[in-house]
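Here is the structure we will look at, set down as structure tokens.
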Amino acid sequence: MKTYTPFISGCVLEWDGETIDSVDPAIGSVWSKVAQCSPDIADMAMQDADRAFRQGAWADADAAARADILDRLADALEARWEELVESEVRDNGKRITEVRGQFAGLHSWYRHFANEARKLAPEAQAVSIPGVTSVGHWLPYGVVVAITPWNSPLMILAWKLAPALAAGNTVVVKPSEMATASTVEFARLAHEAGLPAGVLNVVTGLGHEVGEALVRHPLTRKVTFTGSDFGGRKVAEAAARGVVPTTLELGGKSAQVVFADCDIDNTVNGVLSGIFLSNGQTCVAGSRLIVEASVKDVLVDRILTRARNLRMGDPMDPATQVAPLANAAHLRKVTAMIEQAKAEGAICLLDGTETAAGQEGFYVGPTVFDLVTPAMQLWREEVFGPVLAVTSFDTEQDATALANDSDYGLAGGVWTTDAAKGARVAAAINSGTVYINHYRSVDPCCPIGGIKMSGYGRELGPDAVKDFLQSKSIWTGAIAVPDPFP
Ligand code: NAD
């Protein structure tokens with residue numbers, strides 16, 4: 001059985017130490033092992049990444065030269081992405097159709113940020129003091145620690161790695177212990193494509209052990225984290241001790257606000273994709289359906305009809321529509337939240353624990369609850385599973401108040417054919433992203449990120465590369481310095 005081990009200084013590390021079982025969620029049995037690194041290995045990776053940074057071949061290279069290497073990495077990904085698919089499906093159980101979709105486009109994130117790097121140049125600053133000029137230069141931080149979750153390991157890594165490398169940093173990645181394989185395979189591919197040794201290192205193992213050791217390491221200059229709000233808080237606390245800037249992409253409890261004048265076919269598809277793609281294991285999952293009372297029965301019936309008929313099965317089968325949850329602990333959490341919603345009085349219209357009964361592996365089917373109130377756990381906490389909480393409203397003011405009654409603020413959706421109302425409600429929803437008559441798109445030109453418990457900082461967008469750079473102003477005097485104490 002294969003063991004996925006750290007990738008440091010351009011090499012896969014030989015391993016005879018402790019390992020973590022990686023369980024295939026479709027069958028519930030171990031398919032590979034992951035090296036359980038100690039803080040000593042984290043230190044080795046950090047020292048090596050720091051050496052690669054200081055040695056200068058990457059950080060001091062012309063941005064265009066770095067961009068050329070990122071383009072070669074993109075070429076390799078475009079040619080070889082299929083090699084990475086199976087390990088990610090076996091690790092996290094995501095449907096092969098979704099993984100293939102993400103991986104076929106992986107190269108484009110690297111190409112986009114390679115091009116952004118080519119545009120970097122010192123900027124003259126319009127100072128108002130006569131006789132002096134100032135020029136702003138962009139400096140990479142040094143070693144960036146990138147910590148990723150299990151739901152979309154390589155896509156989320158691309159959002160961090162492409163701009164961080166384009167900016168001239170070196171990066172140490174800590175993938176989730178639940179889905180490590182594709183990141184180790186990717187690092188090897190990137191090195192073969194020309195990424196110099198030490199510019200990208202991967203440390204495998206547990207978050208509270210090596211993840212925290214990396215964040216606390218004295219050579220860490222910036223941290224970018226995607227994961228739960230619990231993990232995010234731990235990372236932010238540890239990073240604060242070293243005064244290390246941090247970007248946190250955390251969870252969500254996003255609202256889909258549906259008005260009676262919506263295009264119903266479009267809305268049904270948007271709500272279904274919002275909550276049931278990836279079996280609800282997406283940060284932007286539209287998990288709270290806030291629907292105008294007059295259209296609720298029609299909309300909910302349409303959603304139930306589609307959800308009941310989705311095909312549950314093997315994630316490796318392209319015909320599968322409902323794949324397993326990623327791991328046994330997560331299955332227990334989602335099941336417990338469904339039971340808690342019933343206990344608190346929400347009305348279960350479709351119970352995915354029943355439709356998944358008898359299924360081998362970690363399956364829960366689409367689940368829909370009605371009459372969910374803001375006091376209930378199902379309204380307030382992220383399930384990160386296929387569970388839709390429904391409630392109704394009568395006025396636009398009620399709709400936005402319900403949408404904003406959340407500790408999270410990652411995304412939201414508005415469904416209406418009234419453009420002015422759509423714009424009004426989108427402006428009123430308190431979150432980092434709102435989609436009108438549309439849901440869950442991402443693009444390198446558009447920043448993503450949350451407010452409140454959904455985190456801080458943004459990924460992607462026009463400032464993504466600059467987020468991995470520090471500005472430095474160099475002033476030049478062109479006149480005699482006056483005597484300060486005449
Ligand atoms: P998690 O917080 O358990 O783990 C995420 C990563 O952090 C893993 O690599 C883990 O090993 C590491 N980690 C955990 N504790 C740590 C610590 N104390 N110090 C350092 N590293 C630590 O999250 P998960 O269960 O892997 O992912 C699911 C969560 O991620 C959900 O809440 C989801 O909403 C969120 N998510 C957010 C986005 C976004 O863009 N906002 C995208 C995907 C997932």
Side-chain angles (χ1 to χ4, degrees), residues 20 22 34 36-37 39 42 91-92 94 102 145-160 172-180 182-183 202-217 220 223-242 244 246-254 275 277-287 325-334 337 381-385 407-411 431-433 440 442 446-461 464:
I20 303 163
S22 186
V34 174
Q36 186 176 340
C37 292
D91 252 353
N92 69 6
K94 195 194 272 286
Q102 284 185 353
V145 169
I147 300 179
T148 53
W150 45 256
N151 59 329
S152 292
L154 285 194
M155 191 177 75
I156 289 171
L157 178 61
W159 299 351
K160 300 176 184 309
V172 177
V173 181
K174 213 302 279 171
S176 168
E177 54 274 33
M178 305 289 182
T180 296
S182 59
T183 302
V202 180
V203 178
T204 62
L206 300 173
H208 63 275
E209 286 180 7
V210 278
E212 203 154 327
L214 289 170
V215 175
R216 287 184 190 279
H217 198 283
T220 298
V223 175
T224 165
F225 173 90
T226 299
S228 62
D229 48 272
F230 178 81
R233 256 185 254 121
K234 293 272 182 203
V235 165
E237 281 166 21
R241 286 174 180 274
V244 170
T246 307
T247 301
L248 298 179
E249 294 283 356
L250 310 179
K253 195 76 210 180
S254 300
I275 187 63
L277 274 183
S278 296
N279 220 6
Q281 298 165 110
T282 59
C283 53
V284 294
S287 51
L325 298 177
N327 57 69
H330 193 48
L331 172 66
R332 286 193 293 277
K333 176 197 153 182
V334 173
M337 289 187 77
E381 293 181 23
E382 184 186 43
V383 181
F384 215 56
D407 301 325
Y408 293 99
L410 190 59
S431 65
T433 298
R440 83 159 56 247
V442 278
C446 188
I448 58 161
I451 60 171
K452 300 193 273 183
M453 289 247 294
S454 293
Y456 47 73
R458 294 290 179 267
E459 288 187 316
L460 308 179

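Atoms within a ligand are numbered from 1 in the order they appear, just like the ligands themselves.
Every salt bridge (charged side-chain N to carboxylate O under 4.0 Å, His left out) that Arg216 has, sequence neighbours left out, goes to Glu212. With sequence neighbours excluded, the residues satisfying side-chain contact (heavy atoms from CB on, under 4.5 Å) with Glu209 are Gln36, Leu206.
Counting only heavy atoms from C-beta outward, the side chains of His330 and Met178 never approach each other to under 4.5 Å. Taking 4.5 Å as the limit, every side-chain heavy atom of Pro175 sits out of range of all side-chain heavy atoms of Pro153. Residues Asn279 and Leu325 meet the side-chain proximity criterion, which asks for heavy atoms closer than 4.5 Å. Put simply, the side chain of Trp159 reaches to within 4.5 Å of the side chain of Val442, judged on heavy atoms. Using a 4.5 Å heavy-atom cutoff, the side chains of Leu154 and Thr183 are in contact.
Which parts of ligand 1 touch Ile156 is read off a 4.0 Å heavy-atom cut-off, strictly below it: atoms 42 (C), 43 (C). Within ligand 1, the atoms closer than 4.0 Å to a non-hydrogen atom of Thr226 are 5 (C), 36 (N), 37 (C), 38 (C), 39 (C), 40 (O), 42 (C), 43 (C), 44 (C), numbered from 1 in the order shown. Each of the atoms 9 (O) of ligand 1 lies under 4.0 Å from some heavy atom of Pro175.
The heavy atom nearest to atom 29 (C) of ligand 1, out of those in Pro149, Gly227, Ala326, is found in Gly227. The heavy atom nearest to atom 17 (C) of ligand 1, out of those in Gly207, Ala179, Ala236, is found in Gly207. Remark: among candidates Asn151, Leu410, Thr183, the nearest residue to atom 43 (C) of ligand 1 is Asn151, based on non-hydrogen atoms. By heavy-atom distance, the residue among Gly432, Ser228, Gly211 lying nearest atom 1 (P) of ligand 1 is Ser228.
Close N/O approach between Lys174 and ligand 1 is found [any backbone or side-chain N/O within under 3.5 Å]. The shortest N/O to N/O separation between Lys234 and ligand 1 does not fall below 3.5 Å. Distances between N or O atoms of Thr148 and those of ligand 1 include at least one value under 3.5 Å. Considering backbone and side-chain N/O atoms, Glu382 comes within less than 3.5 Å of an N/O atom of ligand 1. Looking at Glu177 next to ligand 1, an N or O pair under 3.5 Å apart turns up.
The nearest protein heavy atom to atom 36 (N) of ligand 1 is closer than 4.0 Å.
Taking a 4.0 Å cut-off on heavy atoms, Phe230 fails to register as neighbouring ligand 1. The closest approach between any non-hydrogen atom of Gly450 and ligand 1 is not below 4.0 Å.
Atoms NZ and CG, from Lys234 and Asp229 in turn, are 12.5 Å apart once rounded to the nearest 0.5 Å. Interatomic distance, CG of Leu410 versus CD1 of Ile451, reported as 9.5 Å (0.5 Å rounding).
Around atom NZ of Lys452, more than 12 heavy atoms belonging to other residues, nucleotides or ligands sit under 6.0 Å away.
Counting heavy atoms under 4.0 Å from ligand 1, residue Ile147 touches it through the side chain alone. Proximity of Ala238 to ligand 1, defined as any heavy-atom pair under 4.0 Å, is not found for any part of the residue.
Without hydrogens or angle criteria, Lys174 side chain to Val203 main chain gives no donor-acceptor distance under 3.5 Å.
Ranking the protein heavy atoms by distance from atom 39 (C) of ligand 1 puts Cys283 SG, 3.3 Å first.
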